[in-house]
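A short write-up of the structure that comes next.
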Amino acid sequence: MMRFHISRLACAAAIIGAVFGAAPAVAADQMTHVVFPGQSIQQAVDAAEPGDTVLLAPGTFRESVMVSTPGITLTGMGRSTVIEPDTKQAGKCAEAGNGICVIGTKAHDVEGVTVASLTVTGFTGSGVFAMATDGLTVRNVTAVKNGVWGIAQERSVHGVFRKNTARDNGDAGLFLANTIKEEAGAADTGGTVVEHNRLEGNRIGITVRRLRNLTVAGNHLTGNCAGVFVVGDENKPKAGALTVRDNIIARNNKSCPKTARLDALQGSGIVLTGAEDTLVTGNRITGNVGASPLSGGIVLFKSFVGTTSERNRIADNVLEGNAPADLVNTDTTGKDNTFEGNTCGASKPAGLC
């Protein structure tokens, strides 16, 4: 027993050294809680205080984890740190079918949490789900084959989603929204950033629903049914006042059936529906081909409740081989949408290239 204890302490020290050896020194009152497969992540998270790190060793952990303490970091050692479901586990996060939950309250957002360098897979809900957060960072997370969303956030501000991979999830790889449980206008995210992520094989790569003031930049989206969706509706303020720039969006030609909210999807690059004041620029969009009403390279589409898209600027994008066209504007009653400086071969209606 003693030999095992010493060995585990030595292993923990090696892991901490590997992760933090080159990092600046941390405050003396901050702790790193090392968790090995077979031990409880939740117990370590519950014991952590603001500023602490919960460090997961490589291996497979079977549980859902609820984080509500501000300022903690939950990190693995890369893709080899895997979190999978435990079908017998109780608690709100597990019962909702989610892997990692970062949840504040209606009165107080949970601030400054980081989730990093691990894999979440096989959950019936979302791999990572966040609500009522301020300054959440999710980076280098791999979310694979979860039933709904890979990584999702609602009713939150100042988020950073960087260098994640979301693959083969049932709905969006990355899903950001104000709320899905009630009618409300678009919320200001305070400058949330979604950048340098890879989204593959999902229904939609990135969904931005009923939100304003954020940036979607430098992502690589391929093999989804649709690449990027910016979604608004009749509530005020409208979705929009955001930027979609410098993304690579190629061959999102997976076929997905119709749902209660959306027509069948295939071959959609970037779709704006019911959005305003959005800048779509510098994107490279190629080979997105389908026969859905939403198919095409960049598509402006009147929302399904009849809300028009207005004052959106589609500028300086490179589009090639998208069908039925590189640029598609079916929202002909929308006002002051502009198409300028784009490199493309065909548009519907003609004259947008």
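Shortest non-hydrogen contact noted between Ala48 and Ile72 is CB-CG2, 4.2 Å. Between Asn169 and Lys145, the shortest heavy-atom distance links the atoms OD1-N, 3.5 Å. Across every non-hydrogen atom of Ala323 and Ser295, the tightest pair is O-CB, 3.8 Å. Closest of all the heavy-atom pairs between Thr215 and Arg245 is CG2-NE, 4.1 Å.
With Asn252 contributing its side chain and Asn224 its backbone, the two residues share a donor-acceptor pair below 3.5 Å. A donor-acceptor pair under 3.5 Å is formed between the side chain of Asn197 and the backbone N or O of Lys163. At least one donor-acceptor pair under 3.5 Å links the side chain of Ser347 to the backbone N or O of Pro349. Between the side chain of Ser156 and the main chain of Ala132, a donor-acceptor pair closer than 3.5 Å is present. In this structure, the side chain of Ser268 engages the main chain of Leu294 through a donor-acceptor pair within 3.5 Å. In this structure, Asp168 contributes its side chain and Val144 its backbone to no donor-acceptor pair below 3.5 Å. Checked by atom type and distance alone, the side chain of Asn164 pairs as donor or acceptor with a backbone atom of Val141 at under 3.5 Å. Formation of a donor-acceptor pair under 3.5 Å by the Ser309 side chain with backbone atoms of Glu276 is not found in this model. The backbone N or O of Gly190 lies less than 3.5 Å from a partner atom in the side chain of Asp188, making a donor-acceptor pair.
Under the 4.5 Å side-chain heavy-atom criterion for Ile, Leu, Val, Met, Phe, Trp and Tyr, Leu118 and Val35 are members of the same hydrophobic cluster. Linking ILVMFWY residues whenever their side-chain heavy atoms come closer than 4.5 Å, directly or via other members, places Ile270 and Phe339 in the same cluster. Note on Ile249 and Val318: separate hydrophobic clusters, where clusters join Ile, Leu, Val, Met, Phe, Trp and Tyr whose side-chain heavy atoms are under 4.5 Å apart, directly or indirectly. Tracing side-chain contacts under 4.5 Å through hydrophobic residues (I, L, V, M, F, W, Y), one never reaches Val160 starting from Val67; they form parts of separate clusters. One hydrophobic cluster holds both Ile100 and Val45 under the rule that ILVMFWY side chains link at heavy-atom gaps under 4.5 Å.
Here Leu352 contributes atom CG and Leu319 contributes atom CG; the two are 11.0 Å apart, rounded to the nearest 0.5 Å. To the nearest 0.5 Å, atoms NE2 (His33) and CD1 (Ile41) are separated by 13.5 Å. A distance of 8.0 Å separates OG of Ser40 from CD of Gln89, quoted to the nearest 0.5 Å. The structure places CG of Asp233 at 9.0 Å from OG1 of Thr273, a figure rounded to the nearest 0.5 Å. A distance of 12.5 Å separates CZ of Arg203 from CZ of Phe175, quoted to the nearest 0.5 Å. Summarising the geometry, atom CG belonging to Leu74 is positioned 11.5 Å from atom OG1 belonging to Thr69; distances are rounded to the nearest 0.5 Å.
For residues 191-246, no pair satisfies ring-ring contact (aromatic ring centres under 6.0 Å, His included), with sequence neighbours left out. Residue pairs meeting the side-chain hydrogen bond (donor to acceptor under 3.5 Å, both in side chains) criterion with at least one member in residues 317-328, sequence neighbours excluded, are Asn283-Asn317, Asn288-Asn322, Asn317-Asn342, Asn322-Asp326.
Considering only heavy atoms from C-beta on, Thr137 stays 4.5 Å or farther from Val115 through its side chain. Residues Met77 and Ser117 are not in side-chain contact: their nearest non-hydrogen atoms beyond the backbone lie 4.5 Å or more apart.
Results of the side chain to side chain contact (heavy atoms under 4.5 Å, CB included) test with Cys93 over Glu63, Gln42, Met66 single out Met66 as the only residue that passes. For the side chain to side chain contact (heavy atoms under 4.5 Å, CB included) with Leu242, the lone residue among Val280, Val208, Thr189, Thr192 that qualifies is Val208.
A salt bridge is absent between Arg167 and Glu200; no separation between the charged side-chain nitrogens and carboxylate oxygens falls under 4.0 Å. Using a cut-off of 4.0 Å between Lys/Arg side-chain N and Asp/Glu carboxylate O, Glu195 and Arg162 are scored as salt-bridged.
Scanning for side chain to side chain contact (heavy atoms under 4.5 Å, CB included) contacts around Asp336 gives Arg311, with sequence neighbours left out. In this structure Ala116 satisfies the side chain to side chain contact (heavy atoms under 4.5 Å, CB included) test together with Thr75, Thr114, Arg139, sequence neighbours excluded. Applying the ring pair (Phe, Tyr, Trp, His ring centres under 6.0 Å) rule to Phe123 yields no partners; only residues at least two apart in sequence or on another chain are considered. Contacts of Thr338 classified as side chain to side chain contact (heavy atoms under 4.5 Å, CB included), with partners at least two apart in sequence or in another chain: Arg313.
Between the side chains of Gln153 and Thr133, at least one donor N or O lies within less than 3.5 Å of an accepting N or O.
A 6.0 Å sphere centred on CD of Glu95 holds more than 12 heavy atoms belonging to other residues, nucleotides or ligands.
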Would you check, one step at a time, whether the test side-chain contact (heavy atoms from CB on, under 4.5 Å) holds for Lys348 with Asn329? CA-CA 6 Å; Lys348 293 181 67 175; Asn329 184 8; over 6 Å; no
Apply salt bridge (Lys or Arg N to Asp or Glu O under 4.0 Å) to residues Arg62 and Glu84 and explain how you reach the verdict. CA-CA 5 Å; Arg62 291 181 174 85; Glu84 296 180 348; 3.6 Å; yes
